[in-house]
Amino acid sequence: MVEEAVIKERKLEKIKENKKMKLKNLRDIGIVAHIDAGKTTVTERILFYSGKTYKLGEVHEGTAVMDWMKQEQERGITISSASTTCKWGDGIINIIDTPGHVDFTVEVERSLRILDGSVVVFCGVGGVEPQSETVWRQADRYSVPRITFINKMDRVGADFFRVTEEIRERLKANPCPLQIPLGKEDSFRGIIDLIDMKAKVQAGKMGMKVKEEDIPEDMLEKAVKMRGRMLESIAEVDDEIMELYLNEKKISAKTLKKAIRRATVNLDIVPVLCGSALKNRGIQLLLNAVVDYLPSPLEVPPVKGINPETEEAETREADPEGPLSALVFKVMTDPHVGRLAFCRIYSGKIKKGETVYNLNIDGKERISRILQMHAESREDRNEFSAGEIAALVGPKNTSTGDTICDRKHPILLEEIHFPEPVISVALEAENKIEEERLTIALDKLKSEDPTLVIGVDEESGQIILKGMGELHLEVVITRLREDFNIKCRVSEPVVTYKETITREAKVEEKYVKQTGGRGQYGHVKIDFVPLEAGEGILFEDKIREGRIPKEFISAVEDGVRGAMTDGTLGGFEVTDVKAVLRDGSYHEVDSSKMSFKIAASRATKTGLKKGRPVFLEPIMRLEITVPSEYLGDVLSDFNSRRGNVQELVSKNEYHIIRGFSPLSEMFGYATAIRSVSQGRATYFMEPSHFEQVPKQIADKMLG
């Protein structure tokens, strides 16, 4: 019996050890970049060289595995993040390929929220572009360790060292090149590895092999200099390397790699690699770097959350044997299996056929199937555990941002931040039957895409669809027509304005109603105070000595917030206002939550009128790249659109204009800029902030 117990204990220890080893070898990463930096091509090569696919998919041919949606293949861009899993050596790599277009930046946001590391792809010619900055800020927000891959080194104008400096200057990062290119532009033929000081070139069919060579004489001096810089960068953040470096002792590749890993995981450095995905160069070395330098689930800090019962902060370690905690980061409808809820499991495990607890809806959801996704194809699994990314079939009410956890050990994980929509269109179905189908389809699309906001115009009865940009809404409408076969009329896109107040307003409001029997009584005194831009709506309770019972305070707040959904100036949502409940009174018999909610709502409408309301308009951040000969015309056109130039940078024969302009002035800009530059200028535009509409334009809006 004793022997059996010992054997059983050893088996359990072996199982735990194997699970820990699996976690140690796991990498949950995202591929992120500016549009056209080549991120999907990089992912396709990763899948090919790791043996996940057996032929190369090409974005320009519409054959990329990860761009499986019809709209992606037609436009040649990534719209929806796609996940897959591959193996490299001992490493198991879960990859999420994300969009580069700003209209779909929410896909990057929710992916980075649940990932442990990322590969940021830069174009060797374009360098640090506007969306590069956006994804970098998103990675900073979630403290995601990253490595960078400077792509397209075979292109004319590609400059590895310039892009590295741009990463340092524009992203305020600490780039540490581990490689330099072997050759330049059309003579680029491989990579010089600064760790083992060897040249590495592709060999064999499709570059399946990496051949080592001695560094050419004409590149040796540069390589020695760059290796010295690399060692200095690592020594500055790692004591072990510092001691070896100062004592001029030999540093082995193994010791160096361990130090690079520590520094990368601690966000002290950002390793820089290079290659050309389209020409099949540098991808195997990138895969090595993912396994060598990016963290496993065991190396990132435990996920944080709140225990809803105690309201105390708690954490969950990456432990398959711990209580279940998982975050749903994406919901989508698969044409073959129906509704899918993608989740990252932080601790514990989820099994096929079991029932899980969704803390956000305080309800149970049954898991009928669990799938391992590879873009649009899928593989059934019986179980997923800590560190893995699973697609759940079965949950009907689970939404993006929901926490799935053990009911006996509840934890509410931090929800995902989503930007506000800035543009809208009106939809009108052709008939009553189509209207019902349209509503159902929009609900499905809304469950997939949290940046879609759907409302109804009370006057016209039209459905108002708000999104992140013209392309975003265009894709949604195309899906309505093609995927759901719905016939509807669509208005031209319009700007989503907001309202705020410019001075403080003190309001007293009594709601008294007596109709026989129990009456209604609510009395509030509320101060409405303008806030700084971006602060939203705040509510402060300053009631003392029980002037209003606590059970009615929440009703007052509901009344205030409800009234601010449509302002008094133009019916737009109100923002950047603080409501301070400073006094009031109640009646022991006639007061109710409803009476205080009505009193607060009326007080809010009065306060907004007295507070000198103004319109706020969305301002877009732009970066325009224009050849020198067209600079004057492009600047003139930009200024005519109320553009505000912040910076003008010269880059070879091109100029880069960085500035801001109201969204209302930017409709049709793609056609206009092509016209004034004979199609040679390009631009990038993303929402930045809201600003007060100038008086003369506001007067026109008021009619």
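Along the sequence shown, residues are numbered consecutively beginning with 1.
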Are any of the side-chain heavy atoms of [X] and [Y] separated by less than 4.5 Å?
X	Y	value
F149	I147	no
L465	V476	yes
L171	F122	yes
V577	M564	yes
S661	M620	no

Measuring from atom [atom1] of [X] to atom [atom2] of [Y], what distance do you get when rounded to the nearest 0.5 angstrom?
X	Y	atom1	atom2	value
N360	L327	CG	CG	8.5 Å
I464	L427	CD1	CG	8.0 Å
T85	E388	OG1	CD	8.0 Å
L480	R437	CG	CZ	10.0 Å

Check whether [X] reaches the backbone of [Y] with its side chain - one donor and one acceptor, N or O, closer than 3.5 Å.
X	Y	result
E436	I433	no
S143	A139	no
R381	E379	no
E365	T398	yes
E499	L569	yes
R113	E414	yes
S677	Y630	no
R658	Q646	no

Should the pair [X] and [Y] be classed as cation-pi, given the thresholds of under 6.0 Å to the six-membered ring centre and 45° from the axis?
X	Y	result
K364	Y357	no
R481	F484	no
R141	W136	no

Would you call [X]-[Y] a salt bridge at under 4.0 Å N-O?
X	Y	result
R642	E617	yes
R170	E623	yes
R479	D449	no

Pairs satisfying salt bridge (Lys or Arg N to Asp or Glu O under 4.0 Å), at least one member in residues 115-130, at least two apart: D116-R344
Go through the steps for R641 and E665 under the test salt bridge (charged side-chain N to carboxylate O under 4.0 Å, His left out), then give the verdict. CA-CA 5 Å; R641 296 170 183 272; E665 303 287 348; over 6 Å; no
Flag if over 12 foreign heavy atoms under 6.0 Å of NZ, K444: no
Classify the angle between the aromatic ring planes of Y497 and F572 as parallel (below 30°), tilted (30 to 60°) or perpendicular (above 60°). tilted
Among D402, N397, T403, which residue meets the side chain to side chain donor-acceptor pair (under 3.5 Å) test with N358? D402
